[in-house]
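Some notes on the structure that comes next.
Worth knowing before you read on, the calculation uses all heavy atoms, side chains too, and leaves out hydrogens, waters and symmetry mates. Within every chain, numbering begins at 1; the chains are lettered A, B, ... in the order of the sequence lines, protein sequences first and strands thereafter.
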4 protein chains.
Amino acid sequence: MNLRYHTPLSPDEQRAFGLAAPQPLALADRVRFAELDVLRHVNNKAYMTWFETLRVVYGDLFTLPLYPSDSPPPRVVIRSGHVHYVEEMRMGEDYVTTAGVTAFRNTSYTMHQELWAAGRLRASFDCVIVTLLPDGSGRYPLPEAVRAHFARVDGAVAEG
Amino acid sequence: MNLRYHTPLSPDEQRAFGLAAPQPLALADRVRFAELDVLRHVNNKAYMTWFETLRVVYGDLFTLPLYPSDSPPPRVVIRSGHVHYVEEMRMGEDYVTTAGVTAFRNTSYTMHQELWAAGRLRASFDCVIVTLLPDGSGRYPLPEAVRAHFARVDGAVAEG
Amino acid sequence: MNLRYHTPLSPDEQRAFGLAAPQPLALADRVRFAELDVLRHVNNKAYMTWFETLRVVYGDLFTLPLYPSDSPPPRVVIRSGHVHYVEEMRMGEDYVTTAGVTAFRNTSYTMHQELWAAGRLRASFDCVIVTLLPDGSGRYPLPEAVRAHFARVDGAVAEG
Amino acid sequence: MNLRYHTPLSPDEQRAFGLAAPQPLALADRVRFAELDVLRHVNNKAYMTWFETLRVVYGDLFTLPLYPSDSPPPRVVIRSGHVHYVEEMRMGEDYVTTAGVTAFRNTSYTMHQELWAAGRLRASFDCVIVTLLPDGSGRYPLPEAVRAHFARVDGAVAEG
């Protein structure tokens with residue numbers, strides 16, 4: 001299989017890599033030596049970097065372009081998250097991380113992320129993300145266009 | 001206040017630093033430049049490193065000495081975790097991370113961790129940790145001495 | 001241009017990406033959010049990770065297969081290095097890192113590494129690497145096959 | 001010995017920790033689990049973080065207060081550096097990093113850094129640092145007060 005890295009994978013490419021169900025965004029990358037720890041497997045903090053990398057790509061591709069271009073974008077921070085480690089990752093493995101919004105409220109949304117390699121789910125991360133004013137002084141409401149994207153493309157549920 | 005870094009803090013020292021309730025293990029450290037991100041606050045992955053650092057200290061101090069010294073210790077891995085971010089951390093702040101076991105079963109236990117700075121809770125992390133055989137081929141049961149330590153010192157609940 | 005990531009680039013591909021001269025090994029990757037610091041450019045430590053990643057790939061591809069398979073490989077460590085930063089890297093940029101051996105002695109060799117992006121040299125790293133016995137108790141001489149590879153493929157100079 | 005962490009060490013404290021000669025700035029810290037790699041020693045990139053941490057402390061303590069407070073400070077970047085690894089570092093070791101300026105020119109200076117542990121030099125780093133205008137568009141000349149500090153306190157040589 002000729003895996004394309006750093007490029008959004010189509011639903012067919014995601015299925016070919018073994019994902020149980022195509023996700024709104026999926027990108028491929030490869031384990032680096034620096035991500036291993038003394039147990040010679042990928043340290044669990046590396047997964048957090050991979051998921052973060054994809055959340056930033058998700059924002060750059062899908063949500064930030066929907067904010068007014070004449071004012072600073074929101075400050076996007078994680079409020080809470082739940083990580084589940086299913087199977088360890090090893091040196092040099094190719095992997096795919098995914099991201100999709102499952103629910104949203106006035107100033108926050110819930111994102112579901114998965115990590116796949118060799119046809120098996122290795123980890124998942126579900127987090128609640130809040131959007132703050134650029135100076136952090138309060139909440140920045142989700143624009144209608146962002147809410148519509150979450151609902152229409154990701155199939156997210158409006159909860160508020 | 002003369003904060004002692006990298007040294008287990010007494011209950012009185014923990015209260016003096018502002019912790020709501022003393023924890024079984026608490027260590028102080030300071031934010032580094034490398035832990036900041038483009039938002040000029042501590043990136044949320046750094047918290048994971050701080051909590052990891054303390055989990056390793058906890059193991060070195062309290063549990064590993066209770067395993068047989070004539071055979072390799074278990075492989076200790078996180079199965080799942082829930083992180084809650086309460087307030088951001090900033091450059092140069094002194095902080096205290098804590099660790100304590102709240103529940104245990106035959107081959108796993110639940111650890112509660114807190115992050116405090118300037119008298120305020122900044123984040124918490126609750127995770128389920130499993131102990132595997134050194135080669136990862138199966139579970140490594142918690143020795144009775146480890147279970148007793150969890151119950152007696154940390155006040156953990158036996159669930160299995 | 002359709003850049004192939006994580007795959008050794010041919011001399012033509014290297015020239016197409018703008019490298020001044022093709023190098024023995026060149027791989028492409030992309031800047032991650034986690035690699036930025038408060039100045040909103042890539043922190044200089046990230047370059048060290050990229051160069052390390054490629055040194056490990058170099059070893060896996062070219063030198064480790066030339067060591068006896070029935071005994072542990074050497075412990076490969078950097079003795080010294082000189083880094084030169086030419087131009088900063090920014091969020092999301094594609095880059096290519098390179099590696100090639102320029103000189104070798106009985107138990108050490110000199111590696112030259114470059115970082116390119118958008119047709120411009122961004123940084124270089126020259127380091128002296130020593131090969132130690134697996135337990136670190138002494139030096140592990142370079143096998144003749146490794147020396148021959150350095151000389152024949154990379155054009156390295158034998159200095160000892 | 002009662003080592004004080006994260007606090008500038010006096011010349012006597014530096015000598016007590018084993019440094020060959022007291023340096024202008026020296027701070028103590030301790031190895032973290034996250035800094036180890038698969039070889040079970042501290043990865044060489046961690047040294048770069050430790051040296052960076054101290055350079056930032058040096059700037060906060062000694063040079064930034066000497067810049068005009070009514071305009072943004074310079075953008076401080078490394079132009080080149082030479083690292084020398086003398087002896088590996090291991091889990092849990094206490095260490096001291098140092099920093100001092102050895103030479104300066106109109107818009108750059110040379111810093112010498114050392115890493116000590118258990119009475120032995122473990123690594124050194126010498127780098128050339130340039131000061132840029134806040135927007136990076138050109139060089140920011142060293143104020144006379146900064147040059148005077150380098151010469152008087154660190155014993156640095158004026159080269160331009």
task = State which residue, out of A:Val57, A:Val56, A:Asp29, fulfils the side-chain contact (heavy atoms from CB on, under 4.5 Å) condition with C:Arg32.
result = A:Asp29
task = Working to the nearest 0.5 Å, report the span between OG1 of C:Thr49 and CZ of A:Phe33.
result = 11.0 Å
inquiry  = Show the nearest heavy-atom pair for residues C:Arg30 and A:His6, with the distance to one decimal.
reply    = NH1-O, 2.9 Å
